[in-house]
Amino acid sequence: MEKYDPKEIEPKWQKVWEETKLYEAKDEDPQPKFYCLDMFPYPSGEGLHVGHWRGFVLSDVLARFNMLLGKNVLHPMGWDAFGLPAENAAIKRKSHPKIFTDNAIATFKKQLHQIGVMFDWSREINTSDPNYYKWTQWLFLKLYENDLAYRKEAPVNWCPNCQTVLANEQVVSGECERCGSKVIKKNLTQWFFKITNFAEDLLKDLNNLDWPERTKTLQRNWIGKSEGTNIEFRIQNSELKINVFTTRADTLFGCTYVVLSPEHPLLNNLKSQILNLKIVEDYIENAKKKSDLERTELQKEKTGVKLEGIKAINPINNEEIDIYVADYVLATYGTGAVMAVPAHDERDFEFAKKYNIPIKEVIIPERIDKRNPPVAGKEKIERKNVQAIVKDPKTGKFLCLHSKKHNWNTFPMGGINDSENIIVAAKREVTEETGYTNLINEKLLGSPVRAEYFAKHKNQNRVSFTSLVYFELGGNEQIEISVEEKEANDILWIEPKDMNVDFMVHAEMDIWLDWLNNPKHAYTDYGILINSNKFDGLNSKEAQQKITEKLKEIGAGDFTTNYKLRDWLISRQRYWGAPIPIIYCPKCGIVPVPEKDLPVLLPENIEFKPHGESPLKQSEKFLNTTCPKCGEKATRETDTMDTFVDSSWYYIRYTDSQNKNNMADESKIKKWLPVDLYVGGIEHAILHLLYARFISKALHQLKLVNFSPNGEPFTKLFNIGMIYLHGSKMSKSKGNIVSPDELIEKYGTDALRGYELFIGPADQDSEWQVSGITGIYRFLEKVWDFYTNNKIIDQPQEDQMIEKTIKKVTEEIQEFRPNTALSNLMELFNYLRKTDIISKDYAEKINILLAPFFPHLAEEIWQKNGNAGSIFNSSWPKHDETLAKDQKVVVAVQLDGKTKGVIEVNPTASQEEVVNEINKNEKLSKLVDPSKARKIIYIAGRALNFVLK
RNA sequence: GCCGCGGUGGUGGAAUGGCAGACACGCAGGUUUCAAAAACCUGUGAACGCAAGUUCAUGAGAGUUCGACUCUCUCCCGCGGCACCA
């Protein structure tokens with residue numbers, strides 16, 4: 001008997017598929033298209049590991065499946081070939097990045113062929129090829145012509161190790177995404193793309209994308225939209241104004257100072273008026289020296305300097321307030337200046353405490369008593385109250401009153417009038433209600449809390465403003481209390497664990513517990529306005545609206561929307577990238593390279609070791625040129641573009657990768673795009689995917705492409721889960737790489753493909769456990785033996801299990817659940833091995849079911865069974881719905897929800913019929929007496945439950 | 001701190017309101033063999049029991065329901081992202 005030998009059949013079919021051009025997508029094919037895209041790899045020297053395989057195998061299953069559905073499939077591959085690692089490796093080996101990259105590509109290509117993925121290599125691209133980067137440069141020119149690319153001086157992220165600037169997206173918690181060095185700020189003149197123009201569209205259009213929610217959430221957070229108010233604070237005796245952004249216009253009356261970030265441009269204009277200029281300038285100088293990371297690491301202690309001699313005016317109440325410069329305010333967010341409201345912002349609170357700045361409360365918390373909610377239509381009475389929390393430091397217990405009448409627990413409390421001292425009143429209430437007189441260490445906690453409730457005994461709604469005072473018991477001295485008080489309440493000393501919202505009746509209890517445990521902090525939640533003139537009594541939301549409207553009326557502010565997203569810095573001071581196609585002319589200024597002169601070639605003979613400036617500057621031949629406008633001597637821009645620019649449009653190039661006259665032919669772009677399925681890791685959730693969406697939208701806006709109504713390039717995204725080894729990501733530096741090569745040698749490609757798919761849910765991370773591959777290999781042997789040994793008869797056959805499997809496998813591929821699709825196929829073969837005859841029709845259908853997962857094996861079987869042509873030119877089987885239906889269903893028989901046994905019935909059986917069957921069943925009829933059941937619940941075909949209790 | 005994902009046998013995982021543990025790995029016993037490997041068969045969540053069977057069990061605790069891995073709430077643990085964002 002012939003044995004399953006992947007080593008023989010796999011290379012054979014890979015060669016045949018290549019020669020017959022099975023995978024070449026056809027531009028002229030009238031069938032519906034399916035553009036299936038993998039995130040193209042960066043060809044590193046490390047080669048592919050089993051983690052990379054997972055995505056390629058999954059996309060291949062989907063591509064082959066769609067091909068079998070009759071679709072015209074485009075599944076291309078290429079190389080994200082520019083980038084730092086190649087350059088660094090080349091420096092180390094005294095080689096050239098191009099040589100390094102070409103070698104790496106050769107290795108990758110060989111490995112990708114081994115996977116047996118149906119890539120259309122005729123469309124292969126390489127971003128470092130002048131035929132490709134010509135169009136990257138063209139893209140830059142188009143953005144420049146339309147004011148979407150600009151140059152400005154700005155404080156930018158600089159990686160001292162990589163010796164280049166980085167985009168915001170490439171700085172991960174203050175460190176360089178690539179090398180992990182601490183990133184510092186440098187003031188440099190750099191090129192930016194205006195991605196912020198598209199912030200709203202990039203955010204809004206996420207809603208309609210068939211992408212994983214978590215990826216969309218990451219993008220939403222990164223874009224960071226917040227709606228708020230711009231407010232202008234006039235500077236006294238000056239024409240100058242400080243513009244701030246806030247989301248809390250409701251707290252404006254509580255603003256007691258404003259803060260400028262050290263980088264704020266206004267500081268220059270104020271110099272003449274600042275009395276302590278030297279101190280201020282020293283502070284600014286110092287702040288500049290710190291990296292972003294240092295600034296944020298030093299979270300504990302906020303620092304700042306007051307600008308002596310200048311005051312700002314709060315536009316809402318014309319109060320004079322101080323101006324500070326402090327580095328806790330970020331230059332890069334909002335307007336680089338804030339209004340500080342210490343009572344309602346933690347940072348401002350901390351700062352105000354340190355520098356003795358007034359803290360003014362304007363928002364108080366509000367609670368509705370859920371146990372006694374206000375009743376509509378009743379009179380509403382406002383009252384001021386005081387509550388006392390008394391702790392006995394000796395026992396740790398708290399004083400509490402248990403109301404005999406209401407059967408509830410309260411703290412000592414009572415009403416107060418406006419003129420009364422709150423602490424005195426609280427003390428009085430404690431003594432009156434409990435008799436204790438020795439109360440010490442009193443503290444007023446937080447602000448009053450507004451609470452609404454219904455007072456039954458008075459038949460009225462009450463609005464209380466209750467202040468909370470904390471005491472400690474100094475001694476057990478007690479005086480006699482009144483008879484009424486004695487009759488009304490029991491005096492309890494309760495354990496700290498009973499200090500909770502359930503034991504105590506107060507609706508304000510959660511807030512008080514917070515204040516009791518963290519006595520010193522700002523109240524930052526929403527609430528009700530106080531100390532805010534005519535805005536008093538409004539809630540925060542209403543007040544934000546009304547106060548902003550008022551500011552608008554007096555010309556001191558307006559509603560605005562702010563985004564965290566910054567413009568994309570694309571200049572890089574490194575060699576291995578696409579040169580920015582710009583010429584600087586002493587006479588004409590910035591002159592774009594004319595389109596006809598593209599590409600601006602990257603010089604090959606050059607010392608590319610980094611030294612803080614672009615290596616291209618060293619090449620006289622590259623640097624010196626003539627101005628395309630006036631013909632005078634001029635110099636080229638020597639920075640190269642971020643490699644994310646290369647990858648921001650590559651999916652377009654695949655549609656027409658050889659085109660010499662355009663980035664791609666218009667009709668081909670329209671034919672293939674948008675991408676129907678994009679498969680790749682979550683690590684690109686922000687960087688690549690945001691940039692690609694931006695570029696696609698920009699190209700649409702400029703009418704350079706037109707393939708999608710809102711310019712979205714990727715209709716469906718699937719994030720493949722990562723494969724871990726010993727709990728961490730696979731990487732060569734950690735030495736925990738599992739290479740596919742040995743596994744292919746031992747088990748073959750199909751087995752490894754199968755295991756990659758079987759390891760777990762495709763969208764979740766999985767731990768690599770190589771032992772699992774033997775199960776797949778045994779399965780493939782079983783499949784092989786089945787087709788080798790069984791008698792295939794040319795007669796019709798009906799089999800429910802086979803029909804069901806066709807149905808399930810189809811659904812599971814569509815739902816991206818290859819792991820359960822495979823377990824269904826395994827079940828089918830476990831079932832089939834009990835038979836030795838199968839119809840030709842079924843044998844073929846099952847053969848095709850296997851094909852997307854195990855293409856080599858399936859193709860071999862296909863051929864051995866006498867079929868001409870590739871299995872991938874056949875068509876995906878359809879199940880017969882009637883045959884797939886269960887003839888009998890198993891119903892669980894339950895007593896009070898506990899399964900006692902099962903019974904087989906017709907799927908359409910009624911409750912009575914099932915009960916009859918149970919009565920007939922020897923075992924079950926002993927257990928259950930249907931006449932005793934209080935209630936019978938029958939879920940057709942699933943369960944029948946006798947409810948006894 | 002905020003947001004997201006996850007927690008089920010010895011292991012990877014299945015089941016998204018109705019028989020918990022499909023499928024696979026591993027392990028144990030058996031068949032075969034001079035022997036071993038491979039293959040095949042049987043068993044395999046835990047506890048008690050000779051057995052029939054009973055009880056317990058999906059991170060912990062509560063709730064909703066005739067019935068909860070699945071829904072709701074509170075909490076614990078692990079992973080990932082963001083973070084002085086005004």
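A note on names: the letters A, B, ... follow the listed sequences, proteins ahead of strands, and every chain is numbered from 1.
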The side chain of [X] is closest to which nucleotide in this list: [options]?
X	options	value
A:Gln769	B:U11, B:C23, B:C85	B:U11
A:Lys782	B:C40, B:C66, B:A22	B:C40
A:Val338	B:A86, B:G12, B:C19	B:A86

Indicate, with a heavy-atom threshold strictly under 4.0 Å, whether [X] touches base, sugar-phosphate, or nothing.
X	value
A:Asn945	base
A:Arg214	sugar-phosphate
A:Gln894	base
A:Arg817	sugar-phosphate
A:Phe779	nothing
A:Arg833	sugar-phosphate
A:Asn830	sugar-phosphate
A:Leu218	sugar-phosphate
A:Ile759	sugar-phosphate
A:Asn819	sugar-phosphate

Check: [X] ring centre within less than 6.0 Å of [Y] ring centre:
X	Y	answer
A:Trp768	A:Tyr755	yes
A:Tyr777	A:Tyr4	yes
A:Tyr691	A:Trp568	yes

Please measure how far the [atom1] atom in [N] lies from the corresponding atom in [M], and state the result in whole Å.
N	M	atom1	value
B:C69	B:A62	P	14 Å
B:A46	B:G21	P	14 Å
B:A52	B:G59	C1'	35 Å
B:U33	B:A38	C1'	11 Å
B:C27	B:U32	P	22 Å
B:C48	B:A68	C1'	27 Å
B:U70	B:U64	C1'	13 Å
B:C75	B:G7	C1'	14 Å

Exercise. Specify the glycosidic conformation (syn or anti) of B:G4, with syn defined as within 90° of 0.
Key: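 Judged by the O4'-C1' to base torsion, B:G4 sits in anti, the angle falling more than 90° away from 0.
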Could you state the [atom1]-[atom2] distance from [X] to [N], rounded to the nearest angstrom?
X	N	atom1	atom2	result
A:Gln219	B:G81	CD	P	16 Å
A:Glu767	B:C25	CD	C1'	14 Å
A:Leu944	B:G67	CG	P	15 Å
A:Asn562	B:C85	CG	P	13 Å
A:Tyr777	B:A38	OH	C1'	11 Å
A:Tyr755	B:G13	OH	P	9 Å
A:Glu812	B:G13	CD	P	17 Å

Quiz item: Where do A:Asn830 and A:Lys782 land on the side chain to side chain donor-acceptor pair (under 3.5 Å) test, with the steps shown first?
Solution: CA-CA 9 Å; A:Asn830 287 343; A:Lys782 244 182 250 179; 3.2 Å; yes
Quiz item: How does RNA chain B look in dot-bracket notation if pairs are Watson-Crick or G-U with both distances under 3.5 Å, crossing ones as [ ], other-strand ones as |?
Solution: (((((((..(((.....[....)))((((((.......))))))((((....))))..(((((..]....))))))))))))....
Exercise. Using atom types as modelled and distance alone, determine if a side-chain donor or acceptor of A:Tyr523 lies under 3.5 Å from a backbone N or O of A:Tyr526.
Key: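 Present.
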Quiz prompt | Pair A:Asp345 + A:Arg347, salt bridge at N-O below 4.0 Å | solution =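 Counted as a salt bridge, because a side-chain N and a carboxylate O are separated by less than 4.0 Å.
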Quiz item: Nearest heavy-atom pair of A:Glu200 and A:Lys225: which atoms, and what distance?
Solution: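 Shortest heavy-atom separation between A:Glu200 and A:Lys225 comes out as OE1-NZ, 3.0 Å.
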Quiz item: Does the base of B:A24 carry an N or O that pairs as donor and acceptor with the side chain of A:Arg778 under 3.5 Å?
Solution: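 No such pair is found, so the answer is no.
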Quiz item: With a 4.5 Å limit on heavy-atom distance, are the side chains of A:Asn562 and A:Thr560 in contact?
Solution: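 Side chain of A:Asn562 against side chain of A:Thr560, heavy atoms only: no contact under 4.5 Å found.
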Quiz item: Should the pair A:Tyr355 and A:Tyr324 be assigned to parallel (<30°), tilted (30 to 60°) or perpendicular (>60°) ring geometry?
Solution: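 Plane angle between 30° and 60°, so tilted.
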Quiz item: Does a nitrogen or oxygen in the side chain of A:Arg347 sit under 4.0 Å from OP1 or OP2 of B:C85?
Solution: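 Checking B:C85 against A:Arg347, a side-chain N or O does come within under 4.0 Å of OP1 or OP2.
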